[in-house]
Amino acid sequence: MSSIVRITDVSFAYPSPLPGHGPVPALQHVSLEIESGSFVALIGAVGAGKTTLCLCLNGIVPSMTGGEFAGAVEVMGMRTSERSVAELARHVGMVFEEAEVQLFNSSVEDEIAFGLEELGWEPPAIEERIDWALEAVGLQGMRRRNPRGLSGGEQKRLAIATVLAMAPNILVLDEPTAGLDPRGRQEVMQVISRLAKERTATVIMATQDAEMAARFADRVILLDEGRIVDDGTPREVYGRLAAGQRSMVYVPQMARAARLLNERLGRRWDFLTPEEAIQALAPMPSQAPSSPLPHAGACP
């Protein structure tokens with residue numbers, strides 16, 4: 001696969017929020033490449049730089065934030081420093097942590113149509129695309145609803161639908177389940193599960209939800225104080241975290257359970273999900289002995 005994102009030695013600091021103070025560092029010498037069609041999870045504690053890295057992908061950082069920027073970000077061969085945010089939005093669709101900030105129309109259908117109209121789609125095609133997007137996120141029958149009257153999970157799914165409708169090459173999700181109740185979280189998880197299976201776009205997800213990253217991502221990148229400190233498959237990264245090499249982020253329960261069982265039983269389990277744990281811990285099928293066993297009390 002070819003790289004759809006290339007980040008080279010990027011450092012960034014936000015302008016100081018207080019007069020007389022220096023810039024606030026957010027990223028420090030970050031370099032990475034992301035392959036087309038992959039599902040990447042950015043993990044790390046609050047303030048690790050996950051959101052800032054996401055904002056670099058569509059040019060919001062630094063063109064709309066200001067601040068001190070060094071290095072290069074390339075998306076589909078385009079340097080973000082040479083393109084406008086509007087132009088990059090055709091290729092990089094972003095769903096913000098606070099979904100309501102990107103919902104400003106009076107109906108669900110108008111929210112989805114807005115971006116398509118900006119791209120010059122014809123009305124019949126827009127109507128078909130609205131239906132497709134609503135079906136993709138499980139919001140059929142809500143075309144006329146006011147977005148402000150939706151639940152948190154529904155608003156998040158609508159925000160995802162508005163981006164999916166424009167068929168971006170890269171879909172960026174910033175903390176997609178943050179602040180949701182269990183039902184809303186489950187609703188959004190179902191949408192992300194579909195995205196992971198269909199791979200219609202490269203997905204980059206910033207999250208503190210370890211279970212979700214372990215279940216859906218094929219690559220996990222751990223950030224700490226603006227630096228990449230680990231990078232690998234979910235099994236590799238969470239395995240190292242469960243081993244206690246780093247403790248700044250939550251580790252999936254099943255990974256911690258596997259670690260404890262390995263320590264106590266001397267095994268080498270590395271399951272990450274409940275399904276994997278059930279399969280690994282299921283009793284082995286019994287086998288008939290190849291030769292008769294001696295009677296009790298018989299001499300060896």
Side-chain angles (χ1 to χ4, degrees), residues 39-55 57-58 60 93-112 115 133-165 168 170-198 200-201 203-217 220-223 234 238 248-256 272-275:
F39 193 125
V40 178
L42 305 176
I43 66 171
V46 174
K50 304 186 299 297
T51 295
T52 301
L53 186 56
C54 288
L55 295 175
L57 300 175
N58 60 5
I60 290 178
M94 183 163 182
V95 179
F96 296 93
E97 179 177 352
E98 303 293 337
E100 61 270 19
V101 304
Q102 61 191 106
L103 303 176
F104 49 85
N105 286 284
S106 60
S107 70
V108 165
E109 63 182 354
D110 287 343
E111 287 290 356
I112 299 174
L134 291 177
E135 192 278 331
V137 300
L139 291 178
Q140 306 96 314
M142 294 192 178
R143 287 179 64 124
R144 305 292 194 274
R145 291 278 301 276
N146 188 318
R148 300 298 172 186
L150 302 179
S151 69
E154 290 168 343
Q155 287 184 340
K156 188 76 69 147
R157 285 187 285 153
L158 175 56
I160 294 173
T162 64
V163 173
L164 284 179
I170 302 168
L171 176 62
V172 181
L173 304 171
D174 187 15
E175 298 289 358
T177 59
L180 299 179
D181 60 23
R183 179 178 178 180
R185 181 177 180 274
Q186 183 61 34
E187 292 172 349
V188 174
M189 288 270 285
Q190 290 173 351
V191 174
I192 294 173
S193 176
R194 179 171 180 174
L195 294 173
K197 290 177 182 177
E198 296 181 355
T200 55
V203 180
I204 301 172
M205 177 178 67
T207 184
Q208 294 188 73
D209 191 325
E211 315 293 345
M212 187 166 61
R215 183 179 294 274
F216 300 126
V220 171
I221 298 173
L222 174 62
L223 290 157
Y238 283 122
M248 79 284 288
V249 296
Y250 182 78
V251 176
Q253 290 182 339
M254 292 300 101
R256 287 183 284 140
L272 282 177
T273 66
E275 294 79 7

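All residue numbers in this chain count up from 1 along the given sequence. These numbers come from the heavy atoms of this one structure, side chains and all, not from hydrogens, waters or symmetry mates.
To the nearest 0.5 Å, atom CD of residue Q102 and atom NZ of residue K156 are 8.5 Å apart. Put simply, OG1 on T177 and CD on E187 are 12.5 Å apart, with the number rounded to the nearest 0.5 Å.
Within a 6.0 Å sphere centred on CZ of R194, heavy atoms belonging to other residues, nucleotides or ligands number more than 12.
When all heavy atoms are compared, the tightest approach of M94 to D174 is CE-CB, 4.1 Å. Residues I192 and P176 approach most closely at CD1-CG, 3.8 Å, considering heavy atoms. When every heavy atom of A213 is checked against every heavy atom of T207, the shortest pair comes out as CB-CG2, 4.2 Å. Nearest heavy-atom pair, A48 versus L223, reported as atom, atom and distance to 0.1 Å: CB-O, 3.4 Å. Summarising the geometry of G153 relative to L180, their closest heavy-atom pair is N-CD2, 3.6 Å, with the distance given to 0.1 Å. Nearest heavy atoms, Y250 versus Y238: O-CE2, 3.8 Å.
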(request) Please report the C-alpha distance between I112 and L158 in whole Å, then the side-chain angles of each, then the deciding distance to 0.1 Å, and finally whether the side-chain contact (heavy atoms from CB on, under 4.5 Å) criterion is met. (result) CA-CA 8 Å; I112 299 174; L158 175 56; 4.0 Å; yes
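Every residue was checked against the side chain to side chain donor-acceptor pair (under 3.5 Å) condition with E211, not counting sequence neighbours, and none meets it. Every residue two or more places apart in sequence or in another chain that forms a side chain to side chain donor-acceptor pair (under 3.5 Å) with T52 is listed here: Y14. Every residue two or more places apart in sequence or in another chain that forms a side chain to side chain donor-acceptor pair (under 3.5 Å) with S151 is listed here: E154.
Side-chain atoms of M142 and L150, non-hydrogen and from C-beta on, do get closer than 4.5 Å to each other.
Taking a cutoff of 4.0 Å between a charged side-chain nitrogen and a carboxylate oxygen, E97 and K50 do not qualify as a salt bridge.
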